[in-house]
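Sequential numbering from 1 along the given sequence is applied to the chain's residues. All values derive from a computational prediction rather than experimental measurement.
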Amino acid sequence: MTTELVGLDIGGSHTRGVLFRDGTPEREARSGSANVQNVPAEQASACLVSVLSELGASPATPVVAGSGGVDTAHDAARLAGLIRSAGSLDPGTPVTAVHDTRLILAAGGHTTGIALIAGTGSVAWGVDASGREVRAGGWGYLLGDEGSGYWIGREAVRRVLRLSQQAGTAERTAPEGPGRSARSGGFVEAGGSSRAEGPTTVAAAGGPDRAASSAGCEGEALTRAVLEHAGVAEPADLIGAFHERPDRTHWAGLARSVCELAASGDATAAELVAVAAGHLAELVLTVAHAMDEPLPVVVGGGLTGSEVGDRVAQLLRQHGLSVTLLDREPVLGAPLLARSDPT
């Protein structure tokens, strides 16, 4: 008798669904995020309807769904209810809703271990053979998500704004020709009266011209990438662009460009990548230190195959941890989760 299962991976940017027959993927569907922490419930429902209808499973097919934000029994029940409604499932159809870290661990072939999500958001979660669970991070973008794709995108924007500010300040400290000299944070004009121009900035060694040149060259490639992604012409325009479009998925998309620049040797992007990797590794180490036994680590999410993922693995291996960078879709862990009955 053929056994069917629907697996759902509900991420911060996309929802991925797979119909399994006897544990083998038979059909796949994708849509936008159905995470109710990121999008309105109506939008989440529409995405689930799209995925489930495309998979074409019967209303009696069990569902295993992993999603960010499933932190309590209430969260799990709410997501399960949303899935039941979107798929018009039979009342007795089993629907298991878990935190998406469980899918990542299962996709790595483990029922015990530590899973790290390095995607639009970030969180680490571990479980040992006794069923004891420990979690670090996963507080959402307002409170945490350090090292995530969104965090990298936001930090890239902030870095460009700071560099622009530093370049402008350095230029204002430069001599502007006969009759004007910098003094006391302003300029003394030919008549001797002083006009305030803002706080005094100490120029870098080598004079103000060198300071302006240094500030202008540093982060030039990053600035171009950020401006292009935001669709604006000047760094000052980033402020309005960011606040007018606070879409996490959009700004998380900047992480790809940052990682590509870092891989090409750009120092400014490499610094952002290093800091992000440090934050992510800290999440895993927090969980590892709280567990009573050494556990394997599985890293999943959109940053896994990037410079960030490689750096995280390097940092964790330095601490003696066994690390797998997941090279398959987390949703493929659904059959193992179903067999191990995570609830």
Exam field: side chain [X] to backbone [Y], donor-acceptor pair closer than 3.5 Å:
X	Y	answer
Asp75	Asp71	yes
His229	His250	yes
Arg135	Gly138	yes
Thr324	Leu326	no
Thr15	Ala34	yes
Thr61	Ala57	no
Ser50	Ala46	no
Asp100	Gly68	yes
Asp9	Pro330	no
Ser85	Leu82	no

Do Ile117 and Leu142 share a hydrophobic cluster (ILVMFWY, side-chain heavy atoms under 4.5 Å, transitive)?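 They do not share one cluster, since no chain of ILVMFWY contacts under 4.5 Å joins Ile117 to Leu142.
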State plainly whether one hydrophobic cluster holds both Val36 and Val70, where clusters connect Ile, Leu, Val, Met, Phe, Trp and Tyr through side-chain heavy atoms under 4.5 angstrom apart.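 Yes, Val36 connects to Val70 through the hydrophobic network.
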Pairwise side-chain contact, [X] with [Y], heavy-atom cut-off 4.5 Å (strictly under):
X	Y	answer
Ile10	Leu48	yes
Ile152	Trp251	no
Val63	Leu8	yes
Arg21	Thr24	no
Arg84	Thr93	yes

Heavy-atom closest pair, residues [X] and [Y]:
X	Y	result
Ser122	Ser148	N-CB, 3.9 Å
Glu133	Arg102	OE2-NH2, 2.6 Å
Leu116	Ile104	O-CD1, 4.1 Å
Ala97	Leu79	CB-CD2, 3.9 Å
Leu303	Gly119	CD1-O, 4.3 Å

Between Tyr141 and Tyr150, what is the ring plane arrangement, given parallel below 30°, perpendicular above 60°, and tilted in between?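 The rings of Tyr141 and Tyr150 stand perpendicular, inter-plane angle above 60°.
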If the plane angle is over 60° it's perpendicular, under 30° parallel, otherwise tilted; pick one for Trp151 and His279.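 Perpendicular, since the angle between the ring planes exceeds 60°.
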Cationic N near anionic O, under 4.0 Å, Arg16 to Glu329: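 Yes, this pair counts.
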Output yes when Arg159 and Glu271 qualify as a salt bridge under the 4.0 Å nitrogen-oxygen rule, no when they do not.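 Salt bridge present between Arg159 and Glu271.
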Only pairs under 3.5 Å count here: list side-chain donor-acceptor contacts from residues 105-113, not counting sequence neighbours, and write none if there are none.
none

Please say which of Val226, Ile239, Leu238 ends up in a side chain to side chain contact (heavy atoms under 4.5 Å, CB included) with Val232.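 Single side chain to side chain contact (heavy atoms under 4.5 Å, CB included) partner of Val232 among Val226, Ile239, Leu238: Leu238.
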Whether over 12 other heavy atoms sit under 6.0 Å from Gln318 CD: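 Yes, the 6.0 Å shell around CD holds more than 12 heavy atoms from other groups.
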Look up atom CG in Leu254 and atom CZ in Arg154, then write down how far apart they are to the nearest 0.5 Å.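 Leu254 CG to Arg154 CZ: 12.5 Å, rounded to 0.5 Å.
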Taking the six-membered ring for Trp, are the ring centroids of Trp125 and His99 within less than 6.0 Å of each other?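 Not under 6.0 Å, so no.
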List the atom pairs, with distances to 0.1 Å, where a side-chain N or O of residues 308-315 and a protein N or O form a donor-acceptor pair under 3.5 Å, not counting sequence neighbours.
unit_1, atom_1, unit_2, atom_2, d
Arg311, NH1, Gln314, OE1, 3.3

With no hydrogens and no angle check, just 3.5 Å: does a side-chain donor-acceptor pair link Asp128 and Ser130?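 Yes, because at least one side-chain N or O of Asp128 sits under 3.5 Å from a partner of the opposite role on Ser130.
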